[in-house]
Amino acid sequence: MSEFVEADIEAIITRIEHKSRKIESLLKQYKPVEALKTALEGSPPMTKDERCKVIYIYIYIYISFSVSANWIVVHRAIMAIKDVDSLFSSLDAEYYDVLMKYLYRGLSTGDRPTCDQCLRIHEKLTERAGLGCILRSLADKVNTV
């Protein structure tokens, strides 16, 4: 049984690494909305194993063991968005709740530029998705980011 779980964990790590490379490519092509969609797909990984949540990204950022790899790629996509209105014309409603969770994660960093960007997106997301989106993201204790 533990070999099966180990195989699942390795598969999740491989998917996160692949997602990171895809997001990097989209950001280099100046496609931040597509990068954000990719980052939000399948997030967070359905595992409690920290190896799946923690992956080092050596090229651009040095991170500690406590930082989620998904947060890093979502953060980069969020920070690359210049036109928030066009984000929501391109982003499907199925991503709203997950995006809200990542916005709160960004606000928790205390980093001024990150908080400013997250608040800009939060305002538009709340207008678009309603207060239920906030409640769902705060109430969900299973799928944390």
Side-chain angles (χ1 to χ4, degrees), residues 5 7-145:
V5 172
D8 286 346
I9 291 168
E10 295 305 319
I12 291 170
I13 290 171
T14 300
R15 281 195 306 271
I16 291 170
E17 290 170 342
H18 174 72
K19 183 190 293 190
S20 179
R21 286 189 299 275
K22 184 175 180 184
I23 290 165
E24 187 65 36
S25 173
L26 289 168
L27 289 173
K28 286 179 180 178
Q29 297 171 41
Y30 301 100
K31 296 179 179 179
V33 174
E34 290 84 358
L36 182 59
K37 281 181 177 179
T38 302
L40 294 175
E41 289 171 356
S43 292
M46 296 301 205
T47 180
K48 295 203 182 273
D49 190 290
E50 283 303 306
R51 290 183 303 155
C52 296
K53 294 183 178 186
V54 180
I55 295 177
Y56 291 104
I57 299 178
Y58 293 105
I59 299 172
Y60 298 99
I61 301 172
Y62 173 79
I63 59 171
S64 70
F65 284 105
S66 63
V67 177
S68 164
N70 273 338
W71 163 243
I72 290 170
V73 294
V74 171
H75 177 262
R76 293 191 67 221
I78 286 172
M79 296 307 288
I81 293 170
K82 302 297 180 216
D83 183 4
V84 177
D85 291 323
S86 70
L87 163 68
F88 291 109
S89 65
S90 304
L91 190 65
D92 297 329
E94 68 185 271
Y95 298 113
Y96 290 172
D97 290 0
V98 176
L99 175 57
M100 186 65 78
K101 288 180 184 189
Y102 279 107
L103 294 176
Y104 285 123
R105 173 80 183 261
L107 290 169
S108 74
T109 66
D111 174 59
R112 180 69 182 230
T114 299
C115 291
D116 289 349
Q117 180 73 340
C118 287
L119 284 172
R120 287 180 45 234
I121 296 171
H122 184 278
E123 178 184 14
K124 298 293 184 179
L125 178 56
T126 303
E127 288 173 8
R128 185 97 170 194
L131 296 175
C133 183
I134 295 171
L135 295 173
R136 287 187 299 273
S137 72
L138 295 174
D140 185 359
K141 301 298 182 199
V142 176
N143 300 310
T144 59
V145 296

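We're numbering straight along the sequence, starting at 1.
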So which heavy atom on S137 is nearest to which on K101, and how close? CB-CG, 3.6 Å
Donor-acceptor pair between S20 and E24 side chains, under 3.5 angstrom: no
Taking T38 as the fixed residue, which of L27, I23, V74 is the one that meets the side chain to side chain contact (heavy atoms under 4.5 Å, CB included) rule? I23
Do L99 and I78 have side chains that approach each other closer than 4.5 Å (heavy atoms only, starting at C-beta)? yes
Drop me the distance from I121's CD1 to T126's OG1, to the nearest 0.5 angstrom. 11.5 Å
If we only count heavy atoms from C-beta on, is the K19 to K22 side-chain gap below 4.5 Å? no
For Y96 and C133, work out which heavy atoms get closest and say how close. O-SG, 3.5 Å
Nearest-0.5 Å distance that lies between atom OG in S90 and atom CG in D83: 9.0 Å
Verdict with supporting geometry, D116 and R120, salt bridge (Lys or Arg N to Asp or Glu O under 4.0 Å): CA-CA 6 Å; D116 289 349; R120 287 180 45 234; over 6 Å; no
Do M100 and L138 have side chains that approach each other closer than 4.5 Å (heavy atoms only, starting at C-beta)? no
Taking all atoms of both residues into account, what is the closest heavy-atom pair of G106 and C118, and its distance? CA-SG, 3.8 Å
Nearest-0.5 Å distance that lies between atom CZ in F88 and atom CZ in R128: 7.5 Å
What do the steps show when you test H122 against I134 for side-chain contact (heavy atoms from CB on, under 4.5 Å), and what is the final call? CA-CA 9 Å; H122 184 278; I134 295 171; 3.9 Å; yes
Using 0.5 Å steps for rounding, measure from the CD1 atom of I81 to the CZ atom of R76. 13.0 Å
Return the CG to CD distance between L107 and Q117, rounded to the nearest 0.5 Å. 11.0 Å
Once you round to the nearest 0.5 Å, how far does CG of L103 lie from CD of E123? 12.0 Å
Testing D97, V98, D92 for side chain to side chain contact (heavy atoms under 4.5 Å, CB included) with Y95, which one passes? D92
